[in-house]
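Everything on this sheet refers to the single structure shown next.
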Number of protein chains: 2
Amino acid sequence: MQAKVASLQPHGDSGAAETPLLDKLGRFVVLAAADREIIARVASERVRGFAAHEDVVREGDRPQHISVILSGWACRYKVLADGRRQVVAFFLPGDVCDLNVLVLRHMDHSIGALTPILVSEISRAGFDTLMGAHLRVAQALWWEQSVANAIQREWAVNLGLRDATERMAHLFCELFLRLSLVGLVSGHSCEMPVTQADLAEATGLSPVHVNRTLQELRRLGLIVLKDKTLTIPDLEALADTAQFNPNYLHLGQEGRHLDANDR
Amino acid sequence: MQAKVASLQPHGDSGAAETPLLDKLGRFVVLAAADREIIARVASERVRGFAAHEDVVREGDRPQHISVILSGWACRYKVLADGRRQVVAFFLPGDVCDLNVLVLRHMDHSIGALTPILVSEISRAGFDTLMGAHLRVAQALWWEQSVANAIQREWAVNLGLRDATERMAHLFCELFLRLSLVGLVSGHSCEMPVTQADLAEATGLSPVHVNRTLQELRRLGLIVLKDKTLTIPDLEALADTAQFNPNYLHLGQEGRHLDANDR
DNA sequence: CGTCCCCTTGAATGAAGTCAATACGCGTGG
DNA sequence: CCACGCGTATTGACTTCATTCAAGGGGACG
C-alpha cells in the first residue's frame, strides 16, 4: 500500500566526512580527478566558523559569496513581523546554502547556525571558476540545487497535510537519508544535534507538542532519541508511518550517465 | 509595525496578455529585440491545450520538454499513498513549470490543470537554443526559476505558521501581485478561476474551513469574491492581516542592470 | 549552590476537521 | 418546459488535534 521505498538503505557510508560536498556531487555525476581537485580547491579558499544560533546571512543582505556547510547543522528560516519563526530548510554538511543569491540580490530570508558550524565561502569568482571550467561540475551544482528545491516542495507537503506524528517521522527519515549521503550515519544511528524547539520551528508545531510527538514515536518503538543521537531501528517502519517516499531526494544515481571519463 | 510594503502597487498592466512570459522575463533583464524574438519563436513552436483537471505531467514521468503556461491556471501537487493531496504551487500565465526536469529525470510530483490551459512545450533543443544563444535570456530564466523557489519557501512559511485567515489572505496577495506582473489585473480585480476545494488543497485547509475563512475575509471587507473574480479593495489592508511581505517575489527590478543594450 | 536551558507533564482552551444536511446554479435530456 | 443530476457553495453540531499556560525536574556550567 505504500509506494516503493526501494532505496531506503542508507547510502554509501563510504564517504569521508571531510569532503561532504564532493561526496554529494559525486553521487550525481562521475567527477574526473581534475573536477574533484578544483572543487576541493575552491571550497577551501575561505573557511569560516559560526557559533550556534549565529546568523550566517540575514534577510535583506546582499551576500557576495555562496556558503557551503562543511560541518555542523544550519537552517534557512523566515520571521514574521510579530516574531513568529518558521524554519523552511535544514542544511547538513555538504549542502550548498544558496546558489541563487547570485541572481536574486537581496536575501528574502536568513540562514542561521543550529550548531557550531564551519562553512566554506565561495566567492563569485570561485563560483565562475567552478561553473565555467568544468561542465560536469556545473551540472552537479545544478542538480544539487534542483534537489534542494524538491526537498523544499516536500516540506510544503509535510506542513500541509501530515499530522504531528507523521510530520516528525518524515523529517527524521529525510534527515537520516540525507546524512547517509555524506557518510554521517553509522549503522542505524545518526546525530540529531538540535533541540526540540528547533524541531518545532521546522515542523510548525509547538515545542510542547514536539515533545509529546517524540514520546509517541518512542512508544511505538520507531525511534530512539537520546543524547543528541537518533537511532531508527526499522527505517521501513518509520517511513511507513510517515508516508515517506524517498523519490523526491533523487537518490537514484540519475546523473550517472554524465560521466566525466567517458569522452 | 508591518514590514515595508513599498512595492504593493500592482505592476505594469502594460503587458500584453498574449506574451506573459516575455512580460515576466523582461521585468528582470532588459531584453534585446533579438532576445525577445527568439523567446517568442521557441515558445510558439509547439502549443498544447489541456482541459481542467487534466494532468500535464505526472509523477514518475520523464518529460522531454519544459512547459510554459500561456493561458489558464495550473498547479504542482503531490499525492500521498492514502490519497491525500497537497498543492505546493500555483502556475499562472507566463510561469515556467519546471526548469529542472532537464536534470532531475523523473518527476517527483505532478502538474495538473486547474482551468483549461494552453501551454507551450519547449523541447530540449529549444531550451538549449534559449540558454546558449543569448546570455540575457539564460539569466532571465535562472531568475524566473529562483523566484519560483523563493515562492515555494514562502508557501512553507504560510503552511507552517499562519492561521487560516492569514493564510488565505496571503495567498490572495501573492496571486494578485503575480497576476499583475503579466498584465492580468484590472483595477483592484483579477480572476480567481479556482474552486474552494482547490484553495483548500493549496492552503492545507479543509474545503469547509476555506469557505468559512472566505466569509470571514468578506466580513472584514478585505475581499470581494464572486463569479470567479477577486476584488481587493485595499491591498495594504489585506497584506497587513496576512503579514504579507512582498520581498520574496523579488519585484524590485533587481536585474535591470543586466541590460542587453548596454554593450 | 544557584542559574539557565532543555525536557517533561497536566489541565484548559481553541482552531480546524469531520460529518451531514441543505441550497444554488447549470446543463441535459425527457 | 420541467425534472433530474452534478458540481460547488453554505450552514450547523460535534469531535479531535494541537496550542497555551503553568509548573516542575534534571543536567551543565559558572
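In the text below, chain A, chain B and the rest are named by the order of the sequence lines, each starting its count at 1.
- Between Asp61(B) and Arg58(B) there is no salt bridge, since none of the side-chain N atoms of the basic residue sits less than 4.0 Å from a carboxylate O of the acidic one.
- The CD-C1' distance, from Gln215(A) to dT8(C), rounds to 7 Å in whole Å.
- No side-chain donor-acceptor contact under 3.5 Å links Tyr77(B) and Asp198(B).
- Nearest approach of Leu92(A) to Asp95(A), heavy atoms of both residues: N-OD2, 2.7 Å.
- Two rings, from Trp155(B) and Phe90(B), have their centers less than 6.0 Å apart.
- Residues satisfying the side-chain contact (heavy atoms from CB on, under 4.5 Å) test with Arg46(A), not counting sequence neighbours, are His65(A), Glu121(A).
- Mapping heavy-atom proximity under 4.0 Å, the span of DNA chain D touched by chain B runs 5' to 3' from dT8(D) to dA13(D).
- Using a 4.0 Å cut-off between charged nitrogen and carboxylate oxygen, Arg84(A) and Glu201(A) do not count as a salt-bridge pair.
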Check: Does the side-chain contact (heavy atoms from CB on, under 4.5 Å) test come out yes or no for Leu177(B) and Leu235(B), once each step is laid out?
Finding: CA-CA 10 Å; Leu177(B) 285 188; Leu235(B) 186 52; 4.2 Å; yes
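- Across all strands shown, Arg84(B) has no heavy atoms under 4.0 Å from either base or sugar-phosphate atoms.
- For the segment residues 221-230 of chain B, no residue has any heavy atom less than 4.0 angstrom from an atom of DNA chain C.
- A salt bridge between Lys24(B) and Glu144(B) is present, with a side-chain N of the basic residue lying under 4.0 Å from a carboxylate O of the acidic one.
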Checklist line | Secondary-structure string, 5' to 3', Watson-Crick or G-U under 3.5 Å, | for another-strand partners, for DNA chain C | finding: |||||..|||||||||||||||||||||||
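- Residues satisfying the side-chain contact (heavy atoms from CB on, under 4.5 Å) test with Ala169(A), not counting sequence neighbours, are Leu217(A), Leu238(A), Thr241(A), Ala242(A).
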Checklist line | Reading 5' to 3' through nucleotides 10-25 of chain C, protein heavy-atom contacts under 4.0 Å coded B for base, S for sugar-phosphate only, - for none | finding: BB----SBBB------
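- Ion pairing of Glu174(A) with Arg178(A) is present here, as a side-chain N (NZ or NE/NH1/NH2) and a carboxylate O approach within less than 4.0 Å.
- Taking a cutoff of 4.0 Å between a charged side-chain nitrogen and a carboxylate oxygen, Arg162(B) and Glu154(B) qualify as a salt bridge.
- Taking only side-chain nitrogens and oxygens, Gln196(A) never comes nearer than 4.0 Å to OP1 or OP2 of dC5(C).
- Asn158(A) and Glu166(A) form no side-chain donor-acceptor contact under 3.5 Å, judged by distance and modelled atom types alone.
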